[in-house]
J.: 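First the structure, then my questions, so here it is.
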Amino acid sequence: MQQVSGHGQADLTELWHQHWPHCPPVGYKLRDPYRDVWVRFHSLPESKRYAEDEREYAVVLERYNTVLDELFAGADVHVITPLWTTEAEVPSPQPVTGYWQSLLVEDDPDPEFRTYCHLFVARQPWRRGCIDELLRDIADDKVAGVLITDTQMQRVHQPYDGGADVFLATSEDRDRLRDRHGDWLSSHPSGL
């Protein structure tokens, strides 16, 4: 795993702004401005949110990895991990290296109610199963807000407890991916 620092931080920021100019790199904020290239897949049949046994965890990981393979097979990815705090300063020492940037996500006149998102990035070759431990923690709602992108930041996979939001470069790309996994979609008209 390769950490991003220095000049790489500016390059990442430029790439993000080039492809996603209407939104900071915070997963839950992407859906509204980029609905035309967004699709949501659920992790379990019948939109069940949490796995209860190893058989269900196998389904969750299979679905995550199937979509991730389709997006990133044979390429490097950026795994972007947020650390949420009420402080503007990056907490130190951190077990996660590869600091990218900090964002004020929720502003409030009272500093105790401000929310900051400190982003850390690691670049690694995509291999099926290479982040299964992280994906399982996400499925159990132990970790939230992780983004997995190609190195050009044209495709974004945001796993969450219950599924994954995927953002592609074009609506045609989104439609092709959505159509391959129609059984994993929500029955709700909004796609949620």
J.: Once ring-ring contact (aromatic ring centres under 6.0 Å, His included) is applied, do any residues pair with His17, and if so which ones, sequence neighbours excluded?
T.: none
J.: For Ala51 versus Val60, what's the shortest heavy-atom pair and its separation?
T.: CB-CG2, 4.3 Å
J.: Show your reasoning for whether side chain to side chain contact (heavy atoms under 4.5 Å, CB included) applies to Lys29 and Val105.
T.: CA-CA 10 Å; Lys29 291 182 172 273; Val105 178; 3.5 Å; yes
J.: To the nearest 0.5 Å, tell me how far Leu103 CG sits from Leu119 CG.
T.: 5.0 Å
J.: Would you give the length of the straight line joining atom CG of Leu12 to atom CH2 of Trp100, rounded to the nearest 0.5 angstrom?
T.: 5.5 Å
J.: So, for His118 and Thr85, which heavy atoms are closest and what is the spacing to 0.1 Å?
T.: NE2-OG1, 2.9 Å
J.: To the nearest 0.5 Å, what is the distance between CG (Leu15) and OG1 (Thr149)?
T.: 8.5 Å
J.: I need the minimum non-hydrogen distance between Lys48 and Tyr50, along with the two atoms involved.
T.: CE-O, 3.2 Å
J.: Is it the case that one hydrophobic cluster holds both Tyr64 and Val166, taking links as side-chain heavy atoms less than 4.5 Å apart, direct or via other members?
T.: yes
J.: Do you know which two heavy atoms are closest between Asp36 and Arg174, and how far apart they sit?
T.: O-NH1, 3.0 Å
J.: Is any side-chain heavy atom of Arg40 closer than 4.5 Å to a side-chain heavy atom of Tyr160?
T.: yes
J.: Are the side chains of Leu71 and Leu168 in contact, using a 4.5 Å heavy-atom criterion?
T.: yes
J.: I want to check something: taking the side chain as every heavy atom from C-beta on, are Leu177 and Phe41 in contact at a cut-off of under 4.5 Å?
T.: yes
J.: Spell out, yes or no, whether Leu147 and Ile138 are grouped together once hydrophobic residues are joined by side-chain heavy atoms under 4.5 Å, including indirect joins.
T.: no
J.: Look only at the side chain of Asp150 and the backbone of Gln152, and say whether a donor-acceptor pair between them is shorter than 3.5 Å.
T.: yes
J.: Under the rule for side-chain hydrogen bond (donor to acceptor under 3.5 Å, both in side chains), what residues qualify as partners of Glu133, not counting sequence neighbours?
T.: none
J.: Determine, stepwise, if the pair Trp184 / Val39 fulfils side chain to side chain contact (heavy atoms under 4.5 Å, CB included).
T.: CA-CA 10 Å; Trp184 302 352; Val39 63; over 6 Å; no
J.: Specify whether Tyr28 and Trp84 have parallel, tilted or perpendicular ring planes, treating 30° as the upper limit for parallel and 60° as the lower limit for perpendicular.
T.: tilted
J.: Between His22 and Tyr34, how do the two ring planes meet: parallel, tilted or perpendicular, split at 30° and 60°?
T.: tilted
J.: Could you grab the distance from atom CZ of Arg178 to atom CG of Asp175, nearest 0.5 Å is fine?
T.: 4.0 Å
J.: So, taking the atom named CG in Leu61 and the one named CZ in Arg128, what distance separates them when rounded to the nearest 0.5 Å?
T.: 9.5 Å
J.: State, yes or no, whether a side-chain contact exists between Pro45 and Val59 at a heavy-atom distance under 4.5 Å.
T.: yes
J.: Tell me whether the guanidinium CZ or amine NZ of Arg155 lies under 6.0 angstrom from the six-membered ring centre of Phe72 and within 45° of its axis.
T.: no
J.: Could you walk me through whether Asp132 and Tyr57 pass the side chain to side chain donor-acceptor pair (under 3.5 Å) check?
T.: CA-CA 10 Å; Asp132 277 1; Tyr57 278 112; over 6 Å; no
J.: With side chain to side chain contact (heavy atoms under 4.5 Å, CB included) as the test, would you mind laying out the steps for Leu68 and Trp126 before giving the verdict?
T.: CA-CA 8 Å; Leu68 287 162; Trp126 173 255; 3.4 Å; yes
J.: Look only at the side chain of Asp137 and the backbone of Lys142, and say whether a donor-acceptor pair between them is shorter than 3.5 Å.
T.: no
J.: Would you call Arg136 and Glu54 a salt bridge, using N to O less than 4.0 angstrom?
T.: yes
J.: How far apart are the C-alpha atoms of Arg176 and Asp173, what are their side-chain angles, what is the distance that settles it, and do they pass the salt bridge (charged side-chain N to carboxylate O under 4.0 Å, His left out) test?
T.: CA-CA 5 Å; Arg176 283 190 292 275; Asp173 290 343; 2.4 Å; yes
J.: Indicate the atoms forming the closest heavy-atom contact of Ser43 with Arg63, along with that distance.
T.: O-CD, 3.2 Å
J.: Measure the spacing between CD of Glu52 and CG of Leu44 and express it to the nearest 0.5 Å.
T.: 9.0 Å
J.: Thr66 and Glu70: side-chain donor and acceptor closer than 3.5 Å?
T.: no
J.: Using the rule given for side chain to side chain contact (heavy atoms under 4.5 Å, CB included), can you reason through His181 versus Leu185, listing the C-alpha separation, both sets of side-chain angles and the distance that settles it, and then say yes or no?
T.: CA-CA 7 Å; His181 305 292; Leu185 301 173; over 6 Å; no
J.: Any chance CZ of Arg127 has more than 12 other-residue heavy atoms, nucleotides or ligands included, within less than 6.0 Å?
T.: no
J.: Measure across Ser47 and His42 and return the closest heavy-atom pair with its distance rounded to 0.1 Å.
T.: OG-ND1, 2.5 Å
J.: Anything under 30° is parallel, anything over 60° is perpendicular, the rest tilted; go ahead and classify Trp20 against Trp16.
T.: tilted
J.: Is it possible for you to say whether Val37 and Met153 belong to one hydrophobic cluster, with membership spreading through side-chain heavy-atom contacts below 4.5 Å?
T.: yes
J.: Is there a side-chain contact between Gln101 and Pro25 (heavy atoms, below 4.5 Å)?
T.: yes
J.: Find out if a path of hydrophobic residues (ILVMFWY) with successive side-chain heavy-atom gaps under 4.5 Å connects Leu83 to Val90.
T.: yes
J.: Decide whether Phe167 and Val121 are clustered together by the hydrophobic rule: side chain heavy atoms of Ile, Leu, Val, Met, Phe, Trp, Tyr closer than 4.5 Å, transitively.
T.: yes
J.: Checking side chain to side chain contact (heavy atoms under 4.5 Å, CB included) against Val146, which of Ile131, Leu134, Ile80 comes through?
T.: Leu134
